[in-house]
Amino acid sequence: MRLVWGTPKGKDFWGFNYTTCVLSNGQFMMSKKILTKNLSETPETQRPASNLVNVMNINRDDTLGIRDQIRAELAYLISNGVLQNGAKLPSCRALARDLSVSVNSVLGAYSKLVDEGTIISKPKSGYYVSLNLNRAQAQTDQENNAEFPNIVERITRRQLPSKAGCITRPADWPDYQFPFVCNQAASNRFPLAEWRECSRLALNMRDLSNWTGDNQYRDSDTFIEQICSRLLPQRGIVAKPENVLVTMGAQQAIYIVAALLRSFGRVVAIEDPGYADARNIFEQIFDEVRYIPVDGEGLVVDDRLAGCDLVYVTPNRQMPTVLSMSQARKRRLLEMAKKEDFLIIEDDYEGDMDFDENSLLPLYSGHSQGRVIYTGSLSKSLAPGLRLGYLVAQESLVQEARALRGMMIRHPPHVIQHTASLFLRFGHHETHRAKLHQIFNERWHVASQVIQELFPDFELQYEYGSTNFFFRSVQGLNAHQIAEAARQRGVIIEPSSVCFSDKNKGDITFRLGVSAVPAGQIEQGLRTLRSAIDTL
């Protein structure tokens, strides 16, 4: 540990608080005791930048440029009181020398901080901290943790949210050679130039009030218009603006509907296996959840749906089996909904990635008699990080859903909605989807042929139009063991046991997606997976 010397007045001559301990790794901590001054170092002999260089972290591999890193580091030191008001900063040349960066980088950082009013430049004197922040003294809670109330046991009478399972993948999955993850396009496929153009237009002064003000519970009119005129017609759906609510992804739409329709004794039915996140929501909210099996035509429609208040389905591409609900089964489900007087949440899972031009239209596009609540998103065709989704339903339900959403977040950020509306309006989304569909079509043909050849000991479920494949081991091999053996060889797959109400039944199943793997690497990746399985 290297300690910064102090003065009786509480500051060294560069403005450092004398209670600061600077560690050799570049981090700093605050000490409650006055440090003893090192008599070998005096203000006259100490180099100006020596203190700063030990607490500034400059990383040449960072996506942020050197100038902006210096600016951010200095702003952090100032805001945390390490560099206090009136402290003199090292000269540009001295700091550049000690950080091993160009003088222009330091000068640029100083200039930005001057523009922001954080520091000032005094002619023939140098740069000084000019930001005077009133900071409250942090207090440490000295109570014994054993005396704290157990808050967790008061959260819910049901399963804790943190204990609910969901499909996971390594955080660094893009770094693996063969990332067979599902519904994730490689980041280099994102139309960055087009999105940047729309973002620039959205940030102009004319539209500033559209997203900086308090819009209460309203959504962006232009985004709603584009959803109604471009996105929904592609799925055969006709809707008016009053039938549409923007959400933070399809998951929020499902949660809002579940919260609205909850009541004592109400019953929801879901697919088994099915979308784990939806199941977690329903188990958290509803008194009874019925798990209905799926077959080659989708959700089995029989007397088990009698007495239900809500039924959740993924008819376009069933999650996780990727099979589509047949037209006959859709008609049967709608007939059952009318007979038993239940509502249907239709999650158009993979609807925006489906490259089969002849895929069946959603339930909502037919004679749904107002019983279907449709959810969709831009997560898979554009980017999951944007969190743009929407629900379509009767106006009366949308009105209540808007009010409930408003209690949580008022509305998704209007700047994102406005940017997305421009992206749709200029046709960038349609162009991007068309390119993805061509890519996915090629990858599907490569993968389907190789998979049939290499995996005769697995029951396989897949359909043209989806980039995902569902595997079930005939020999009873554990999917988590397969996934770990594959990961060690650079292959990522997704065990799907969390999709089953009885996870033991799903331990021999996994999903594999080709949306993030180039066509030229698919065969090699699948052969590598095969060799990993053979080692078990």
Side-chain angles (χ1 to χ4, degrees), residues 190-191 194-250 252-253 256-257 346-348 351-354 361-366 368 370 372-406 409-434 436:
F190 183 80
E194 292 83 356
W195 185 264
R196 182 182 287 128
E197 173 199 13
C198 296
S199 179
R200 177 183 61 80
L201 293 173
L203 294 175
N204 64 45
M205 287 298 297
R206 184 186 63 186
D207 295 325
L208 195 62
S209 61
N210 290 343
W211 57 269
T212 57
D214 185 352
N215 290 282
Q216 298 183 27
Y217 295 172
R218 297 190 304 273
D219 287 313
S220 165
D221 292 336
T222 57
F223 187 42
I224 293 288
E225 178 187 353
Q226 292 302 313
I227 291 174
C228 292
S229 63
R230 287 183 180 268
L231 293 181
L232 294 178
Q234 293 173 351
R235 300 296 293 144
I237 294 176
V238 177
K240 298 178 181 179
E242 54 266 30
N243 299 120
V244 180
L245 178 75
V246 179
T247 59
M248 300 291 284
Q252 189 191 37
I256 289 174
V257 174
E346 178 182 21
D347 185 353
D348 197 10
D352 56 345
M353 291 185 77
D354 195 331
L361 295 177
L363 286 166
Y364 195 95
S365 65
S368 61
V372 178
I373 302 164
Y374 177 88
T375 70
S377 78
L378 293 175
S379 294
K380 297 174 181 62
S381 64
L382 192 54
L386 293 175
R387 306 312 307 152
L388 284 174
Y390 46 89
L391 69 82
V392 187
Q394 286 189 43
E395 181 180 354
S396 57
L397 186 137
V398 170
Q399 181 179 350
E400 298 305 323
R402 187 180 306 281
L404 183 59
R405 184 198 66 180
I409 62 168
R410 295 180 78 84
H411 55 73
H414 268 240
V415 67
I416 300 295
Q417 292 191 49
H418 193 41
T419 302
S421 70
L422 292 170
F423 191 84
L424 291 166
R425 184 179 179 184
F426 293 151
H428 295 321
H429 182 252
E430 292 171 355
T431 302
H432 178 58
R433 284 178 71 247
L436 286 181

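Everything numeric in this text was worked out from a predicted model, so none of it was measured. Along the sequence shown, the residues carry numbers beginning at 1.
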Derivation and outcome, side-chain contact (heavy atoms from CB on, under 4.5 Å), residues R387 and I416
CA-CA 9 Å; R387 306 312 307 152; I416 300 295; over 6 Å; no
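- When atom types are taken as modelled, the side chain of R425 and the backbone of Q226 share no donor-acceptor pair closer than 3.5 angstrom.
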Checking side-chain contact (heavy atoms from CB on, under 4.5 Å) for the pair D221/E225: CA distance, chi angles, key distance, verdict?
CA-CA 6 Å; D221 292 336; E225 178 187 353; over 6 Å; no
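- The environment of CZ in R433 is crowded: more than 12 heavy-atom neighbours from other residues, nucleotides or ligands sit within 6.0 Å.
- Without hydrogens or angle criteria, N204 side chain to L201 main chain gives a donor-acceptor distance under 3.5 Å.
- Judged by distance alone, the side chain of Q417 and the main-chain N or O of S220 form a donor-acceptor pair under 3.5 Å.
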Please assess L386 against L378 for the test side-chain contact (heavy atoms from CB on, under 4.5 Å), listing each intermediate value before the final yes or no.
CA-CA 8 Å; L386 293 175; L378 293 175; over 6 Å; no
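- Side-chain atoms of E194 do not come within 3.5 Å of backbone N or O of H428 as any donor-acceptor pair.
- No donor-acceptor pair under 3.5 Å is formed between the side chain of H418 and the backbone N or O of T222.
- With E242 contributing its side chain and E395 its backbone, the two residues share no donor-acceptor pair below 3.5 Å.
- Pairs engaging residues 396-405 under the side-chain hydrogen bond (donor to acceptor under 3.5 Å, both in side chains) rule: D219-R402, D219-R405 [sequence neighbours left out].
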Applying side-chain contact (heavy atoms from CB on, under 4.5 Å), run through T375 and T247 and close with a yes or a no.
CA-CA 9 Å; T375 70; T247 59; over 6 Å; no
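- Side-chain atoms of S199 never come within 3.5 Å of backbone atoms of W195 as a donor-acceptor pair (strictly under, hydrogens ignored).
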